[in-house]
Amino acid sequence: MESPLHRFKAEFFKALGHPVRLAILDALREGEKSVGRLAEELGLEQPSISQQLSVLRQRGFVETRKEGTSVYYRTADPNVYAFLDLGRAIFERQLKTQSDLLSELQESSTQP
């Protein structure tokens, strides 16, 4: 049975399921930025950044502010960073486990 909460979570994770979107959110930790600034910082083309910002905006991860002809993006809900930081912590633990296993393998291969 599919509940509204499960549908929301699925869409939430789908929106975060692209490395560029995650990089954009990380770049916005420091505050609002224009598409041009994000493209410069991330080393990507503006159309690519704009496309991913559109997805993030549709899902409510970012908000905009217009100033003249420039549009600035900012994180809509800073609580998303608690979630992203948890993902980083899990990643670091997995890397540590793999590193420990590699060390054990290297150590056992050098022993007679």
Side-chain angles (χ1 to χ4, degrees):
M1 181 172 116
E2 199 177 290
S3 72
L5 177 59
H6 290 136
R7 279 192 298 277
F8 171 82
K9 286 180 181 179
E11 292 301 317
F12 176 89
F13 288 114
K14 191 186 306 182
L16 295 176
H18 195 286
V20 173
R21 290 183 213 137
L22 295 173
I24 288 169
L25 287 171
D26 278 334
L28 292 175
R29 282 180 191 252
E30 303 162 5
E32 67 179 17
K33 296 179 181 173
S34 67
V35 173
R37 175 67 184 221
L38 286 166
E40 181 182 310
E41 284 185 20
L42 300 176
L44 299 167
E45 299 294 322
Q46 286 188 16
S48 175
I49 297 290
S50 293
Q51 180 182 21
Q52 301 309 327
L53 280 167
S54 176
V55 173
L56 290 170
R57 188 173 181 197
Q58 289 170 0
R59 290 284 159 232
F61 286 99
V62 297
E63 298 173 330
T64 61
R65 176 182 68 84
K66 191 165 183 169
E67 186 176 297
T69 58
S70 298
V71 178
Y72 294 89
Y73 290 84
R74 66 182 172 274
T75 306
D77 185 350
N79 286 326
V80 72
Y81 293 116
F83 179 77
L84 295 180
D85 291 343
L86 179 59
R88 181 184 180 105
I90 291 168
F91 173 69
E92 288 172 352
R93 277 195 302 276
Q94 289 181 355
L95 282 179
K96 172 81 170 94
T97 299
Q98 291 174 358
S99 176
D100 291 347
L101 286 171
L102 180 59
S103 293
E104 286 178 28
L105 284 171
Q106 289 171 336
E107 195 174 291
S108 68
S109 68
T110 59
Q111 294 177 358

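Throughout, numbering of the chain's residues begins at 1 and tracks the sequence. Being a predicted model, the structure only gives us computed values, none of them experimental.
Under the 4.5 Å side-chain contact rule for hydrophobic residues, Val62 and Val55 do not share a cluster. Phe91 and Val20 sit in two unconnected hydrophobic clusters of ILVMFWY residues. Membership requires side-chain heavy atoms under 4.5 Å apart, directly or through other members. When hydrophobic clusters are built by joining Ile, Leu, Val, Met, Phe, Trp and Tyr residues whose side-chain heavy atoms come closer than 4.5 Å, directly or via intermediates, Leu22 is grouped together with Tyr73.
In this structure, the separation between OG on Ser50 and CZ on Arg57 is 11.5 Å, given to the nearest 0.5 Å. In this structure, the separation between CD on Glu41 and CG on Leu28 is 8.5 Å, given to the nearest 0.5 Å. Rounding to the nearest 0.5 angstrom, the gap separating the OG atom in Ser70 from the CZ atom in Arg37 is 13.0 Å. Rounding to the nearest 0.5 Å places CG of Asp100 at 11.0 Å from CG of Leu95.
Contacts of Glu30 classified as side-chain hydrogen bond (donor to acceptor under 3.5 Å, both in side chains), with partners at least two apart in sequence or in another chain: Lys33.
The pair Asp85-Arg88 does not count as a salt bridge, with every side-chain nitrogen at least 4.0 angstrom from each carboxylate oxygen. Glu11 has no carboxylate O lying under 4.0 Å from a charged side-chain N of Arg7, or vice versa, which leaves the two without a salt bridge. Glu92 has no carboxylate O lying under 4.0 Å from a charged side-chain N of Lys96, or vice versa, which leaves the two without a salt bridge.
Between Ile49 and Ile24 there is a side-chain heavy-atom pair separated by less than 4.5 Å. In this structure, Leu44 and Leu38 have side chains that are not in contact, with every pair of non-hydrogen atoms separated by 4.5 Å or more. A heavy-atom distance below 4.5 Å is found between the side chains of Gln58 and Ser54. Taking the side chain as every heavy atom from C-beta outward, Asp26 and Arg29 approach each other to under 4.5 Å. For the pair Leu16/Leu25, a side-chain contact is recorded, criterion being any heavy-atom separation below 4.5 Å from C-beta on.
Counting only distance, with no hydrogens or angles, the side chain of Arg21 and the backbone of Ala15 share a donor-acceptor pair below 3.5 Å. Looking at Thr75, its side chain never comes within 3.5 Å of a backbone N or O of Pro78 through a donor-acceptor pair. Of the possible polar contacts, one joining the Ser103 side chain to the Ser99 backbone as a donor-acceptor pair under 3.5 Å is found. The main-chain N or O of Gly31 is never found under 3.5 Å from a side-chain atom of Tyr72 such that the two would form a donor-acceptor pair.
For residues 28-69, every residue pair satisfying the ring-ring contact (aromatic ring centres under 6.0 Å, His included) rule, not counting sequence neighbours, is listed here: Phe12-Phe61.
Residues Gly60 and Ala76 share a closest heavy-atom pair of O-CB, 3.2 Å.
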Output, in order, the C-alpha distance, side-chain angles, deciding distance and verdict of side chain to side chain contact (heavy atoms under 4.5 Å, CB included) for Glu104 and Ser108.
-> CA-CA 6 Å; Glu104 286 178 28; Ser108 68; over 6 Å; no
